[in-house]
Amino acid sequence: MTVEKILYILKENASYISGEEISRVLGISRAAVWKYIGQLKRLGYEIVAVPHLGYQLRGIPDRLFPHEVLYRLNTKFIGKNIYYFDTLDSTMDVATKLGLEGKEEGTLVVAERQTRGRGRLGRKWFSPKYKGIYLSLILRPKIPPQKAGCLTLLAAVSTVEAVKKVTDLDIQIKWPNDLILSYKKVGGILTEINAETDETHFMVIGIGINVNNEKKDLISGATSLKQERKEEVNRILLLQELLWQIEKNYLLFHKEGAHPIIEKWRLLSITLGKRVKVYFQKNYLEGEAVDIDSDGSLILKNNSGLIQKVICGDVFHCR
Ligand code: BT5
C-alpha cells in the first residue's frame with residue numbers, strides 16, 4: 001500500500017525528505033503524497049513539514065499496527081501474516097476460524113482490546129484497550145494431540161524470554177500457564193487444539209500480557225510490566241521479540257523435541273520445589289512439586305512419598 005511505502009521512506013530517512021522526492025520515488029503526485037501524509041497523521045504518526053526541507057517522522061503511535069510489527073521483524077514464518085483489530089470479542093475465536101479456513105502456520109491475530117477475552121474453563125481475561133498484548137497464533141505441529149501440552153510450556157518460556165530481553169524484569173512461570181512478577185499475575189497462556197484422536201489439525205496459542213496498565217486498569221492480584229518497571233514498555237518491540245522467541249523455540253522443538261523446552265521451563269518456574277495444592281474440578285492434591293513431564297503435566301510427591309501426575313488444575317503455593 002502506498003501509505004505504508006511512504007511510512008517506510010520516512011522511517012528510513014532520519015532527516016527531512018521532500019514531498020517532491022517521495023513523489024518521484026513512488027511515481028505519484030505531490031498532492032497524493034500530501035493526502036497520504038494526512039492519513040498517517042490521523043493514525044497518530046507525528047510528522048512535521050518544514051518549508052524547503054520536507055517531511056520528517058518524529059513519533060510513532062502506540063498501536064500494534066501490522067506494518068509496525070512487520071517492520072524489521074526478523075522471523076521467517078511466525079507473525080508474517082497478521083490480522084489486526086481495534087476491538088474484538090476474543091482473538092481465540094478469530095484465530096480458530098482462520099485455522100479452520102486453512103490459514104498457514106504462524107498466522108497471528110492481534111487485538112488492542114477484547115470484550116470477551118477468555119482464560120481457561122471459560123474464565124475471563126481482562127483486556128483493556130491499548131494497555132496489553134492480546135494475541136492468538138496458529139500453529140500446525142505434526143504431533144499427536146497428547147503431546148501438544150508442551151507447546152503451552154513453549155509459549156510461556158518464549159513470553160518470559162521476550163519480557164526479560166525487553167524489560168530486564170524477573171518474570172517467572174507458575175504452573176501451568178501463569179506469568180508472575182512480584183508474586184502477581186502479569187500474563188497468561190491459553191492453548192486450544194483442533195484435533196482428532198491421533199492427529200493435530202492446528203493449535204491456537206493465546207497469550208495475554210499486561211504491559212502498560214495503570215493500577216486502575218488491573219484486576220486485584222494482577223500487575224503489569226509498567227507497574228513493576230516504573231516505565232512504559234514499547235509494545236511493538238515486545239511483540240516483535242515475542243514472535244521471534246516463539247519461532248526460535250518452535251524450531252528448537254522441531255529439531256530436538258520437548259527436552260530443551262522443558263529444561264528452560266524448569267529454570268524459569270517458581271512452582272518446582274514448592275509445596276503446593278493443585279485444585280481441579282472440586283478436588284485438590286497436595287504435595288511437593290518435584291518436576292514437569294514432557295506433556296506439560298506437573299509431578300507431585302505427597303507426604304507419604306507417593307508420586308502423582310496432574311494434567312491440569314490451578315496451583316496455590318503453600319507458605
Ligand atoms: C489464563 O487463564 O491465564 C489465560 C489467559 C489468556 C488470555 C489471552 S489474551 C489473547 C487470547 N484471547 C483470549 O480470549 N484469551 C487469550 P486462567 O489461568 O484461566 O486465568 C484466568 C484468571 O486470571 C481469571 O479468572 C482472573 O482471576 C485472572 N485474570 C483475568 N484477567 C487478568 C489480567 N488481565 N491479568 C491478570 N490476571 C487476570
Side-chain angles (χ1 to χ4, degrees), residues 64 69 79 82-99 107-139 149 151-156 158-160 162-163 169 171-193 203-228 233 235 238-239 242-243 246 270-271 276 278-281 296 298 310-317:
L64 300 172
V69 178
I82 304 178
Y83 291 78
Y84 170 82
F85 299 86
D86 193 58
T87 299
L88 205 58
D89 290 358
S90 162
T91 56
M92 298 305 279
D93 297 337
V94 174
T96 302
K97 192 164 160 281
L98 294 171
T107 298
L108 180 69
V109 180
V110 182
E112 298 283 12
R113 167 182 175 240
Q114 297 183 114
T115 51
R116 299 179 67 140
R118 61 172 183 264
R120 293 173 301 148
L121 306 167
R123 292 189 284 229
K124 290 199 172 99
W125 187 258
F126 184 55
S127 319
K129 201 166 196 177
Y130 306 135
K131 299 293 174 189
I133 290 179
Y134 320 114
L135 69 82
S136 294
L137 182 70
I138 299 175
L139 293 181
L151 291 177
T152 305
L153 306 185
L154 186 149
S158 305
T159 309
V160 167
V163 169
L169 287 167
I171 174 172
Q172 289 180 297
I173 309 167
K174 190 175 103 176
W175 187 88
N177 67 343
D178 286 357
L179 303 169
I180 303 289
L181 254 178
S182 308
Y183 303 103
K184 292 180 190 149
K185 187 156 171 170
V186 70
I189 316 280
L190 176 69
T191 312
E192 293 178 349
I193 181 160
M203 293 180 71
V204 175
I205 309 280
I207 302 178
I209 312 171
N210 303 327
V211 184
N212 288 324
N213 310 51
E214 306 295 345
K215 267 214 174 81
K216 65 176 171 49
D217 312 310
L218 290 164
I219 62 164
S220 99
T223 190
S224 72
L225 302 180
K226 184 180 176 184
Q227 290 299 305
E228 302 303 319
V233 175
R235 291 187 308 143
L238 179 59
L239 178 52
L242 176 56
L243 297 173
I246 292 174
I270 42 165
T271 303
V276 297
V278 187
Y279 288 85
F280 50 96
Q281 287 149 6
L298 188 67
V310 195
I311 299 169
C312 60
D314 289 302
V315 161
F316 289 86
H317 292 174

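All values below were derived from every heavy atom in this structure, side-chain atoms included, with hydrogens, water molecules and symmetry-related copies excluded. Atoms within a ligand are numbered from 1 in the order they appear, just like the ligands themselves.
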N-O pairing of Asp217 and Lys226 below 4.0 Å: no
Might you point out which heavy atoms bring Gly296 and Leu153 nearest each other, and give the distance in Å? CA-CD1, 3.8 Å
Minimum non-hydrogen distance to atom 1 (C) of ligand 1, winning option of Val109, Asn210, Asn177: Asn177
In ligand 1, which numbered atoms sit nearer than 4.0 Å to a non-hydrogen atom of Ser90? 12 (N), 13 (C), 14 (O)
If you measure every N or O of Phe126 against every N or O of ligand 1, does any of those distances drop under 3.5 Å? yes
Between Ile219, Leu179, Ile207, flag the one that comes closest to atom 27 (O) of ligand 1 by a heavy atom. Ile219
Are the side chains of Ile246 and Ile207 in touch, meaning some heavy atoms are under 4.5 Å apart? yes
If you take all heavy atoms of Gln227 and Glu214, which pair is closest and at what distance? NE2-CA, 3.4 Å
Please examine the side chains of Arg120 and Asp314, heavy atoms only from C-beta on, and report whether any two atoms are closer than 4.5 Å. yes
Sub-4.0 Å atoms of ligand 1 with respect to non-hydrogen atoms of Gly117: 14 (O)
Are the side chain of Asn210 and the backbone of Ser224 linked by a donor-acceptor contact shorter than 3.5 Å? no
Do me a favour and list the nearest non-hydrogen protein atom to atom 25 (O) of ligand 1 with residue, atom name and distance? Arg123 CD, 3.5 Å
Which ligand 1 atoms are under 4.0 Å away from a heavy-atom of Ile189? 4 (C)
Quick test: of every protein heavy atom, which one is nearest to atom 16 (C) of ligand 1, and how far off is it to 0.1 Å? Arg118 O, 3.8 Å
Nearest-neighbour protein heavy atom for atom 5 (C) of ligand 1, which is reported as residue plus atom name and distance: Trp125 CE3, 3.4 Å
For Val204 and Ala95, work out which heavy atoms get closest and say how close. CG1-CB, 3.7 Å
Nearest 0.5 angstrom please: Leu108 CG to Leu137 CG, how far? 6.0 Å
Among all protein heavy atoms, pick out the one at the shortest distance from atom 20 (O) of ligand 1; state its residue, atom name and that distance to 0.1 Å. Lys185 NZ, 3.0 Å
Quick one: look up the protein heavy atom nearest atom 9 (S) of ligand 1 and list residue, atom name and how far away it is. Gln114 NE2, 3.4 Å
For atom 24 (C) of ligand 1, the protein heavy atom that lies nearest, with its residue and separation: Lys124 O, 3.4 Å
Under 4.0 Å to a heavy atom of Thr91 - the qualifying atoms of ligand 1, by number: 10 (C), 11 (C), 12 (N)
Please write down residue, atom name and distance for the protein heavy atom closest to atom 36 (C) of ligand 1. Ala222 CB, 3.4 Å
Okay, side chain of Ser182, backbone of Lys184: is any donor-acceptor separation there less than 3.5 Å? no
